[in-house]
Structure formats: C-alpha cells, structure tokens
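Single-structure report; data block below.
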Amino acid sequence: MSAPTDRQLINALISGHYADPFSLLGMHQTENGLEVRALLPDATEVWVIETNTGRKCAQLECLDSRGFFNSVIPRRKTPFRYQLAVTWHGQQNLIDDPYRFGPLLAEMDSWLLAEGTHLRPYETMGAHADVIDGVPGTRFSVWAPNAQRVAVVGDFNYWDGRRHPMRFRREIGVWELFIPGAVTGQLYKFEMIDAHGQLRLKSDPYAFEAQMRPESASMICGIPPKTAMTEARKRANDFDAPISIYEVHLGSWRRHTDNNFWLSYKELAEQLIPYVKEMGFTHLELMPINEHPFDGSWGYQPTGMYAPTRRFGTRDEFRNFIAVAHQAGLNVLLDWVPGHFPSDDFGLARFDGTELYEHGDPREGYHQDWNTLIYNFGRREVSNYLAGNALYWIERFGIDGLRVDAVASMIHRDYSRAEGEWVPNHLGGRENLEAIEFLRYTNRTLGQTVPGSVTLAEESTDFPGVTRPPESGGLGFWYKWNLGWMHDTLDYMKLDPIYRKHHHNNLTFGMLYNSTENFVLPLSHDEVVHGKKSILGRMPGDAWQKFANLRAYYGWMFAYPGKKLLFMGNEFAQGKEWNHDISLDWHLLEGGDNFHHGVQRLVKDLNHTYRDNPPLYQLDFDPAGFEWLVVDDFENSIFVFVRRDREGNELIVASNFTPVTRHHYRFGVTQPGSWREILNTDSGHYHGSNTGNLGVIHSEAHPSHHRDHSLSMTLPPLSTVWLVREPA
C-alpha cells in the first residue's frame, strides 16, 4: 500500500471509523515478510516477543504519534505465536495482541443465530471468560448489523474506544473480539459509531451482571451453572397440585427501619422465605428483578434482561436466595417482561442507530400507556434473544416458572389504540401474529427443554386457548390469570351488602367459563395501587364489617376453582395502598392482638387447610370438581357449592355475604352423613363473632334443592364456612 493510503487507514482507525481492524492490525504475511501492526495509544516503545522462546524478534516503529506501530520481522515468513512488550510511562508490560486471534463464533452458532433458533444464544453472545491458545481473557460479541464500527471499552482499556475495535461478522451482523487479560468483575460497554455516524455507548444486551442505577455499565462474569429441577418442584407446578402464590416486590416487602434501605438478597433469604413458608404458601412470585433504571417502574421497564438487579446484592447472592427458597420447599416464579422495554439511551433503543430491537413505526413499536418501546417479534434475532432469556432464568437460576407480563398488549396490535393508531397484520387482522408465534415457540421450548417448568399469562381479554397447546391453536401457557374473576368479585365485594342481591351473578358468572382455561385467581399488586385502595379499603361498612367481608372473601377465593395468588400485605389486610418506596405496614401487627392478626391467622389456616384437602385443588379445571348446591338465593346473598377430588371426596363451601346470621339454613347435599366444620372465617380466632355449628352437622333425609338429603346449619354473618364429610 502507498504511504498516503496507509495514512488514510491509520487516520480512520484512530478516529474510530475503520470497520475492519483485523485487516490492518495484528500479524500479516506480506511480500516483504511478516508484518506486525499495533494500535497502542500512549506507548513509547513496542517489541514483538516470540511466545515459545521469549526472544525479541523486532522492535515496532512508531508511524503515528497517536500510537500506531508497525514493523516487518526480518527472515520470518510463517506466522507464529507472539506477544508485545509495551512500554507505557516508563514501565514495560508484556501483553497478548487481541488481533492475533482468529474468528470466535463457531459455524453452527452463526447458523443458529442467523436462523433465530439458537436454544441458548447467551452462551455465545455477550461477554464470556475464556482461554484461547493458552491465553486467558474474555470474548465479546454483540449484534449491531447497521453500526459503522463497534469497540469494547472498559476497565481493561481506560474506556478508550480506539484500543479495541471489533471484528465484524457481516453474514450475521455480529461484532466480536477476544481481549486477553480482561477478567471477571471488570466493567465494560460497547462503543459504536452508529448507522448515522453518531457515537453511542451501549450496555451489553446479554450482560449477566450490571451496575446499579444510575450507572449502567455491564460486568464480566461467568454463566451460572445449570440447576436441575427436582421431581418435587415439578410436581408442585402440576395442574392437580395445590398452588398458593405469594407475590412480592423485593424492594418494599420490608426495609431497614433505621434508614429505609432495602433488605439484601441475603437478608431476604433469612426473613422473607421463613415467613412465606410459615404462612403456608407453596410458591413465591417475584416482581421483575431484571436490572432496570427507574425504581417507580417496579421492574416492568427492564434494560438488563439477563442481569438480576444489583439493588439487593450480587447475581450469585440472588441465586442463593432461590436455593434457600427451594430448601424451604417453595417454588419460585419470576415476573418476566418480554412485552416492552424503556427508551433509555444506554439500552436497546435504536441500538445501532436503527430500530433494531423495536419497530420503526410507532403504531407498532411504541406503547402509549407506558411510554415504552415494543419488541419486533418478527425479527428472528429479537425473538431468539427473548426466548433464550426465558430458558436462561429457568436453567441457570432454578426459576420454576415465569409469569409473563402484559400478554394482551403483545398479541393485539390494537391494544389500547384508537382506530387509525395501529397497523393490521398482513391478513388484515388485529392479532400480532409474530408475537403469538414467539409465545408459542417460547412455551414449547420450555416444556421440551425443562419439563416441569411452567408459564403463567397475565392476559386480560377473551383470546381463546391461552392455556391450550400450540398444536391445537393455543398459546401454550400452563396457567392464565383470571382477571375477569378478580374484577367481578371485587366489584361485588365493594357493594353494601343490601345491594349485593342485585349483583348475584358477579359471583356465579365465572363458572360459565371456568373450564375454558387453567386459571389462577389473582389479587395482585395491580389491585392495590393508583387510587384503587387496598383490598381491605374496598370492603364496605365499619371496621368490624370491613374485616369480616375480607375474611369471607378470602374463604370464598381459596375454595373457588383455580390456583391462588395474594400480593404481599394482603395476607394481613394492609389498610393503605402499596407504596414501592417504603416497607409494608408491619406496625399494624405490633402491640396487642387485633383484626390484622386475625386476617393473618386466617390466611395461614386457609393455606394449610387448602393444601391438606385434595377436593380443593385436584380438579380445578375439570367440571367434575365443582357443583353448585345453592346458586340462586339472591335475596340472602348466599352461595353453597361442593368441591370434589378424583376419588369423589367432597368439601362443602357455604358463604353468607350479608351481616345477618342465617339460622337453620337448609340445602340439599349429594352425600349424606356427618359433616365437620374445618374452617369458619367468623371464628373468634380470626376476630369474628364466633358464630358457628359446634363442630359437626348431621344430614337428614329431608329433600331440598332437588336432592334427597340435606343439611341444616347456621351461616354466620359475612362469612365463609368449609365442611368435610366425616368417615362413616
């Protein structure tokens, strides 16, 4: 090459506008022999050292004072392993040249990444400690097909983008580089000249650990080892298992009283997990713990999909938290957010200067409700990034299932949009066909790769087959949040009891569609924020009636078909709305015994009694597991139903949603005999009026409700009572 051309290339390289650094840097065979070129800003002297012998082969000449060195090694034609002895500020360092290493991505990885079917893309993309040709370091790779140049910057190179420009694998749009000496614990980012020539500094989409806000650098760390799913954990997720979920926001369950600071993962393992176990819950559901920049998003605007937040400790401390939960017999569910992401400049937004992860058209790529961006699920690399992330949490952390946020917004192109504000699919419909295929693929992948793991959809519409197999047109989720049940029942409970007879169907309507999906009954965080009041705050009446209404409602919920979910604080009747910036109101449980203690004791008993009685959970999604005994007593606001298990054992549930005690209330039963009261939400133990049935009720050959035998019992005011049949 001519001198002017050399000067142009050097200028482009140093200014950060040369996209093919391996063609210029490193060792090259030329007509004149082996030529070594290196870009080493601030170096004063550079020697080429033959690694095998330790012999100095040649001193590189400084062709440009900004740090470009070059020399031909005399009498050598065959490339060899070498190092560079570099003098910086009077001190000599022996380094390995990143530009002597060949391409990193294996052919099969490249093929699968390009196809969008790589089962574990995180094993290839991002930053991975490695030893190549006997040299320890870290290999980096990032997908940025439209960038003009990408470099790695970090603790290992003074955050200087000139020092480590990356190789571009044009066939798949991935940039890669192995940096000798970059080690675990060091921070890094990708510095790129984007498609429009603008300088951008981006966090690694595949970072396994990251800085806590407001900082945003990624951290080099290894992939966690795989965690096998035990048979007990698999069975705990089954359709016929008792599932009672405690939903938690780790940042506000409990805080340090002296400074209002968060509990660490370690402290949460010591305090939260024993509490959840004692309360009888089977599952712990964590609101999103992916790294996120804004506390007020509660984690629902994640920027680090592969990195647990540093707010509460390190990645490994989070893994230990999960392990402690498993040791306590709890399964762990993770709230997962593939539906949208924030527009922070260091994150995925316009990653290489183009709408790479999102859609370019805001009618497809922008969430008006949340001021966030929508993933382009039709782009193979994007759907692969997300599907791989789902498997990552389950395989590498031991997460037992994923609650998938905002599914309705993903599968409907017109979600929360007026006419003209959305783009139909290629068939002219409102369905987001690409998102639907992504969800099916992800659910199928998890089911095949980690049998026993589950997904739960937060889906608020009547989209058919959310929990049906993809092969039969469904989305392939295991469970779906029953938001219709939640809205109907809360609308009923907030009414003054005198008006409930006019809204009787609010409690009966759910059974008309109960067998269409595998439902979870959620009283989640969304129901105790934004002016909705706490669950207790929605109950009518004076203090006594509010708590009695709440207890009766919980008794109804835990007996109704479907798995259960309570948000933290609901279990002791927190009085005010949830505030993510402070602890729950644990002070309500201080001092003498009170109504809040009563609700807490009830929830504990509900959980344990629910788990001890198979009729309450074995046939949740089978019509044979439920039968109305009294469904039409509008005037008295009374409901009576039976739950059954596979062996035909029955449990009777009777609810009275008025403050009037109903003495000698008679209803027909299918199984005559003696029935024992095993739970009464009006018990004095729960601070009720202690009205009941003195333990056992005997059926009579007295026809009622089209049945030959019946029970006559006392229904306490604002209560739910559970009865089981005594052995003959």
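Hydrogens, waters and symmetry mates play no part in the numbers below; they use all other heavy atoms, side chains included.
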Under the side chain to side chain donor-acceptor pair (under 3.5 Å) test, residues paired with R643 that sit two or more places apart | D620

Side chain to side chain donor-acceptor pair (under 3.5 Å) involving D295 - partner list, sequence neighbours excluded | R213, R311

Polar side-chain atom of [X] near backbone of [Y] as donor-acceptor pair, under 3.5 Å:
{"X": "N389", "Y": "Y385", "answer": "no"}
{"X": "S472", "Y": "P469", "answer": "yes"}
{"X": "H292", "Y": "N290", "answer": "yes"}

Parallel, tilted or perpendicular for [X] and [Y], by the 30°/60° rule?
{"X": "F318", "Y": "W393", "answer": "perpendicular"}
{"X": "F239", "Y": "Y479", "answer": "perpendicular"}
{"X": "W578", "Y": "H580", "answer": "perpendicular"}

Please assess Y366 against H359 for the test ring pair (Phe, Tyr, Trp, His ring centres under 6.0 Å), listing each intermediate value before the final yes or no.
-> CA-CA 8 Å; Y366 177 70; H359 290 273; over 10 Å; no

Answer with yes or no whether the side chains of H326 and D400 bring together a donor and an acceptor at under 3.5 Å.
-> yes

Donor-acceptor pair between Y300 and D335 side chains, under 3.5 angstrom | yes

Is the distance between the ring centroids of [Y] and [X] under 6.0 Å?
{"X": "H530", "Y": "W298", "result": "yes"}
{"X": "Y357", "Y": "W143", "result": "yes"}
{"X": "Y375", "Y": "F438", "result": "no"}

Can you list the residues that meet the salt bridge (Lys or Arg N to Asp or Glu O under 4.0 Å) rule with R350, with sequence neighbours excluded?
-> E355

Only counting residues at least two apart or in another chain, list the ones meeting salt bridge (Lys or Arg N to Asp or Glu O under 4.0 Å) with K480.
-> E459

For a ring-ring contact (aromatic ring centres under 6.0 Å, His included) with F519, tell me which candidate from W478, Y513, Y560 qualifies.
-> Y513

Decide yes or no on side chain to side chain contact (heavy atoms under 4.5 Å, CB included) for L616 and W722, but give the supporting numbers first.
-> CA-CA 10 Å; L616 290 173; W722 295 359; 3.6 Å; yes

Tell me, yes or no, whether the heavy-atom count around K234 atom NZ, taken from other residues, nucleotides or ligands under 6.0 Å, exceeds 12.
-> yes

Keeping to residues at least two apart or across chains, list the salt bridge (charged side-chain N to carboxylate O under 4.0 Å, His left out) pairs with something in residues 509-518.
-> none

Mind checking ring-ring contact (aromatic ring centres under 6.0 Å, His included) for [X] and listing every partner two or more places apart, or none if nothing turns up?
{"X": "H283", "value": "none"}
{"X": "W111", "value": "none"}
{"X": "F208", "value": "H128, Y392"}
{"X": "F558", "value": "none"}

Which residue pairs pass the ring-ring contact (aromatic ring centres under 6.0 Å, His included) test with at least one member in residues 402-428, sequence neighbours excluded?
-> H412-F463

With sequence neighbours left out, which residue pairs that include part of residues 240-251 fulfil the side chain to side chain donor-acceptor pair (under 3.5 Å) condition?
-> D240-R646, S244-N607, Y246-W253, Y246-E571, E247-H525, H249-S252

Taking only distance into account, with no hydrogens and no angle test, what donor-acceptor pairs under 3.5 Å do side-chain atoms of residues 488-495 form with protein atoms, sequence neighbours excluded?
unit_1, atom_1, unit_2, atom_2, d
T489, OG1, W485, O, 2.8
T489, OG1, M486, O, 3.2
T489, OG1, Y553, OH, 2.7

